[in-house]
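Let me begin by presenting the structure, written as structure tokens, before commenting on it.
All values reported here derive from a predicted model rather than from experimental measurement. Convention: sequence-line order gives letters A, B, ...; per-chain numbering from 1.
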Protein chains: 2
Amino acid sequence: MKLSFTEENYLKAIYHLSEGSEDGVSTNAIAEELNTKAASVSDMIRKLSKKKVIDYQKYRGVQITDSGRKIALQVIRKHRLWEVFLVEKLDFNWDEVHDVAEQLEHIKSPVLISRLDEFLGRPSMDPHGDPIPDENGEIKVSPQMPLSDFEEASLGIVVKVPDSDPSLLRHLDKIGMRLGSKIRVIEKVEFDNSALIAIDQGKELYLSGEIAKNIMLAVK
Amino acid sequence: MKLSFTEENYLKAIYHLSEGSEDGVSTNAIAEELNTKAASVSDMIRKLSKKKVIDYQKYRGVQITDSGRKIALQVIRKHRLWEVFLVEKLDFNWDEVHDVAEQLEHIKSPVLISRLDEFLGRPSMDPHGDPIPDENGEIKVSPQMPLSDFEEASLGIVVKVPDSDPSLLRHLDKIGMRLGSKIRVIEKVEFDNSALIAIDQGKELYLSGEIAKNIMLAVK
DNA sequence: AAATTAATTTAGATATATCTAAAAATATAT
DNA sequence: ATATATTTTTAGATATATCTAAATTAATTT
């Protein structure tokens with residue numbers, strides 16, 4: 001199945017919009033996501049439906065099919081692998097990679113992506129902490145544990161912080177730690193369970209054991 | 001100046017076709033190069049002419065302008081840098097890279113290519129021995145001629161092979177000839193223009209005149 | 001349930017790309 | 001130099017994409 005650049009983008013948008021809900025995706029939602037008009041979406045929907053990558057009944061929204069989901073996940077896989085390449089190999093900042101990856105994700109080559117994956121050391125997540133689907137479209141939810149359980153010299157990405165405690169969140173904000181932040185645990189202090197960490201390859205600082213217990217990291 | 005994928009391909013074709021000759025490039029030649037019809041070429045020519053990347057007078061062929069050449073050379077630069085990446089980093093064979101590079105060359109990003117160039121160690125030629133233009137479109141050339149023009153008992157180094165013909169590249173791979181291979185021309189057969197050569201001071205073998213014409217050697 | 005509002009589709013308009021066939025211009029041969 | 005052949009352009013056809021505006025369907029309110 002060969003899809004155009006635009007068709008792939010529609011499919012990706014539909015995939016993202018259907019995540020977390022069983023309902024069909026509305027025409028208007030797709031139009032908004034892709035900065036286009038509902039009429040254009042209607043046209044494209046009929047086209048994608050004919051290719052069996054979505055299910056569609058008039059006025060009822062669309063559902064992505066298994067084959068459509070597989071394609072969308074391959075595009076997402078490519079996008080995220082390229083992001084890893086840009087950040088790890090070409091020293092892009094993670095806020096600079098999106099637009100380029102948006103182009104690179106549409107390159108068609110049977111071997112390119114598997115070679116790139118290997119070259120990058122088969123990473124499990126992109127620079128923002130999002131998981132990278134495998135060749136079959138499977139997403140492994142990466143194992144995660146509190147920062148306090150990490151060994152010295154290990155890496156993790158912030159995936160969860162307690163949302164119930166404003167004073168903690170304010171502090172995290174102040175030290176520049178947010179969801180997706182890359183954490184390197186440099187040293188663990190036995191005395192008080194505090195830890196010396198580096199955030200996003202930047203400044204080093206000590207974190208109390210109390211805080212470290214409350215920050216969930218995905219193992220990298 | 002922002003050109004579409006297709007416009008860039010036209011410009012690249014016109015650049016290649018005008019190399020080595022002062023005459024304008026004919027509509028038919030462009031059509032053949034791009035596997036399209038003369039009528040379509042006429043349309044595109046008017047479009048590119050309006051953008052001042054080519055000069056054009058009806059029925060008189062086209063000449064690439066300085067600004068057009070600059071754009072073409074940037075596309076070529078991108079193509080060749082990506083080829084280096086594919087071969088050096090992703091272990092592609094040099095006969096596998098052309099189609100992928102053909103896609104990658106159209107990725108638009110101000111920083112991507114300079115970062116890639118740096119990552120690859122600012123290479124001066126691609127895996128086929130073609131020179132890589134710099135950011136300003138300058139090409140550094142070394143004196144070279146086809147193997148078929150070499151005298152008996154002369155030496156050369158493989159610097160270029162056509163990147164468009166996988167069957168030739170596969171054959172060269174099989175006989176152990178690659179970029180940088182040291183070639184000694186032992187004997188030239190007048191009858192069919194074939195040549196007896198030695199590769200890297202190793203085994204001797206005959207090369208047809210057809211192949212010899214397509215292999216560029218730097219004079220040693 | 002009827003009326004109103006919102007969402008979606010359809011119809012038709014506009015723009016673009018690329019083709020075939022015919023016309024026009026140029027090149028070549030006698 | 002004229003006739004013939006070739007190349008190139010133009011005109012018109014077809015296909016595609018995307019928009020606006022109108023029509024239709026569904027959802028919400030009263």
Which nucleotide sits closest to the side chain of [X]: [options]?
X	options	answer
K58(A)	dT20(D), dT10(C), dA17(D)	dT10(C)
T6(A)	dT8(D), dT18(D), dA11(C)	dT18(D)
Y59(A)	dT8(D), dT25(D), dA11(D)	dT25(D)
K47(B)	dA21(D), dA17(C), dA21(C)	dA17(C)
S42(B)	dT8(D), dC19(D), dT8(C)	dT8(D)
N28(B)	dT7(D), dC19(D), dT18(C)	dT7(D)

- Item | Between N28(B) and S26(B): side-chain donor-acceptor atoms closer than 3.5 Å | no
- Message: Would you say D165(A) and S167(A) are linked by a side-chain donor-acceptor pair, where the criterion is simply a distance under 3.5 Å?
- Response: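 Note: S167(A) and D165(A) side chains meet the donor-acceptor criterion.
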- Task: Could you check how far CD of Q57(B) sits from C1' of dT8(D), rounded to whole Å?
- Result: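 Going from Q57(B) (CD) to dT8(D) (C1'), I get 14 Å.
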- Is the side chain of K140(A) donor-acceptor paired with the backbone N or O of S124(A) at a distance under 3.5 Å, no angle test? no
- Message: Going by side chain to side chain contact (heavy atoms under 4.5 Å, CB included), I215(A) matches just one of L168(A), V158(A), I183(A). Which one?
- Response: V158(A)
- Message: So, OP1 or OP2 of dT9(D): does either fall under 4.0 Å of a side-chain N or O from Y56(B)?
- Response: yes
- Which is true for S40(B) with a 4.0 Å heavy-atom rule: it touches a base, it touches only sugar-phosphate, or it touches nothing? base
